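Everything on this sheet refers to the single structure shown next.
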Number of protein chains: 2
Amino acid sequence: MNFLLGGLDGLDQASKAELMADLMRISQRKNFAKHELLHQEGKVCKQLFYVESGLVRAFYYRDGEEITAHFAPEHTMLTAIDSVIQNKASRYSLEVLEDSSILSISYPDLKEILLQKPQYEKVLRMYLERIYIDLAERIEDVLFHTAKERYAKLMKDRPSLLQRVQLKHIASYLGITQETLSRIRANS
Amino acid sequence: MNFLLGGLDGLDQASKAELMADLMRISQRKNFAKHELLHQEGKVCKQLFYVESGLVRAFYYRDGEEITAHFAPEHTMLTAIDSVIQNKASRYSLEVLEDSSILSISYPDLKEILLQKPQYEKVLRMYLERIYIDLAERIEDVLFHTAKERYAKLMKDRPSLLQRVQLKHIASYLGITQETLSRIRANS
DNA sequence: CAATCGAATTGACATTTGTCAAAAAGCAAA
DNA sequence: TTTGCTTTTTGACAAATGTCAATTCGATTG
């Protein structure tokens with residue numbers, strides 16, 4: 001569970017322990033089977049999810065096609081970020097790709113805690129900073145690298161993903177068609 | 001100056017006024033001429049910039065070419081976000097495109113204030129949430145719209161930009177060559 | 001006005017990626 | 001093992017975008 005705070009150098013040990021206890025108090029562990037949805041698009045998402053084991057993807061629809069926006073393997077978090085931030089219906093669904101053990105953290109409860117203990121804002125802020133940098137990198141990737149280069153980078157950075165995920169999801173994540181991905185794989 | 005807090009419904013009036021006063025205390029107004037740099041890549045950036053009037057762009061280098069990542073017109077903020085967040089040398093430069101009046105806010109001073117008044121973390125967090133959503137939209141744009149569609153959207157959302165900025169900057173912002181942009185403009 | 005310089009456009013062609021249809025491969029149930 | 005279904009690959013062609021070189025346009029300056 002400590003992974004939840006990965007990279008949060010900002011808090012001292014006591015605060016970390018306290019936060020951990022607080023988080024455990026407002027979260028729930030549950031197993032999900034392959035193909036189940038943690039969250040469905042169109043609904044307001046009120047939870048953050050921590051993947052203890054397994055694999056989850058976030059996807060949305062564009063012209064009737066599923067577009068995968070994010071993969072969350074074990075020891076990482078995800079949520080329908082648009083919904084949680086803006087408290088509105090989400091464009092994203094969260095689909096379990098492998099049988100998974102998931103911790104659900106109630107966001108209303110978390111906000112309650114944030115109000116009581118404003119020092120936790122820092123945790124959220126630092127989390128946002130991290131995912132912002134990730135996103136900025138991804139834009140650069142997409143704008144200035146060919147599909148082939150993007151695939152090579154994914155292979156290098158997250159090789160296990162390719163073993164675990166259908167190629168159509170990889171393709172939509174990379175912003176290309178499945179056929180193009182197949183051809184890239186063929187001659188390399 | 002109130003624009004700095006645009007969209008920050010999270011703070012009550014008293015806190016806003018207090019924050020405003022604090023910000024004014026740690027910021028500095030200065031005029032910059034066209035072509036001047038607010039910040040140069042390779043250096044650590046320790047400031048946030050508020051554009052009172054004028055226009056600034058953030059750009060970085062890719063294969064020796066300048067890539068414009070962001071335009072900041074009057075009443076918006078920008079900074080070398082990678083540097084400020086990670087306290088390391090920035091990949092970005094910030095170039096003034098029109099004579100501008102700029103408020104520079106010291107980030108170390110701001111952090112000092114955040115330590116003293118942790119309720120301000122919320123301000124930063126909400127700012128990050130906003131720019132995160134913007135970035136996520138931009139990824140979607142880039143992945144699933146043609147150059148033509150991206151240009152049309154920019155025309156619709158920020159028409160004045162096209163009057164004020166060289167087309168080569170618009171092109172790199174859209175992730176296309178200047179020639180392609182020129183052709184898009186020709187037949188539309 | 002002529003000369004000049006940078007910005008923008010145009011032309012010709014190459015490369016990348018998409019689209020649609022069909023075939024092959026993989027996998028699970030009967 | 002056979003059957004049926006899904007995933008992946010392949011083929012043929014079209015559309016989008018890039019590259020490089022040349023030209024035009026516009027503003028500035030002598």
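Both backbone and side-chain heavy atoms feed into the values below; hydrogens, waters and symmetry mates do not. For clarity, every value in this text was computed on a predicted model and none was experimentally measured. Lettering of chains follows the sequences in order, A, B, ..., and the numbering in each one begins at 1.
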What is the separation between atom [atom1] on [X] and atom [atom2] on [N], rounded to the nearest whole Å?
X      : N      : atom1 : atom2 : result
B:I176 : C:dT9  : CD1   : C1'   : 14 Å
B:I184 : D:dT17 : CD1   : P     : 6 Å
B:Q178 : D:dA21 : CD    : P     : 16 Å
A:E149 : C:dT15 : CD    : P     : 16 Å
B:L162 : C:dA8  : CG    : P     : 11 Å
A:L174 : C:dT17 : CG    : P     : 11 Å
A:Q166 : D:dT6  : CD    : P     : 11 Å
A:H145 : D:dT17 : NE2   : P     : 19 Å

_Base of D:dT19 paired with side chain of B:R183 (donor-acceptor, under 3.5 Å)_ = yes
*Do we get B:R150 above B:Y173's six-membered ring, with its NZ or CZ under 6.0 Å from the centre and within 45° of the axis?*
no
*Test the A:R57-A:Y92 pair against the cation-pi criterion, namely NZ or CZ under 6.0 angstrom from the six-membered ring centroid and within 45° of the ring axis.*
no
*More 5' along DNA chain C: A:T177 or B:L167, using each one's nearest nucleotide?*
B:L167
*asked:* By nearest heavy atom, map A:E179 and A:A147 onto DNA chain C; which one lands nearer the 5' end?
replied: A:A147
_For a quick check of understanding: with a heavy-atom distance under 4.0 Å over all strands, which category does B:T146 fall into, base, sugar-phosphate or nothing?_
sugar-phosphate
*Steps toward side-chain contact (heavy atoms from CB on, under 4.5 Å) verdict (A:I176, A:I184)*: CA-CA 11 Å; A:I176 57 180; A:I184 287 171; 4.1 Å; yes
*Test A:E52 against A:E74 for side-chain contact (heavy atoms from CB on, under 4.5 Å), laying out the working first.*
CA-CA 5 Å; A:E52 285 196 318; A:E74 53 281 331; over 6 Å; no
*Side-chain N or O of B:K148 less than 4.0 angstrom from OP1 or OP2 on D:dA16?*
no
*What nucleotide, of C:dT17, C:dT9, D:dT9, holds the atom closest to the side chain of A:T180?*
C:dT17
*Is B:E66 close to B:Y61 at the side-chain level, that is, under 4.5 Å between some pair of heavy atoms?*
yes
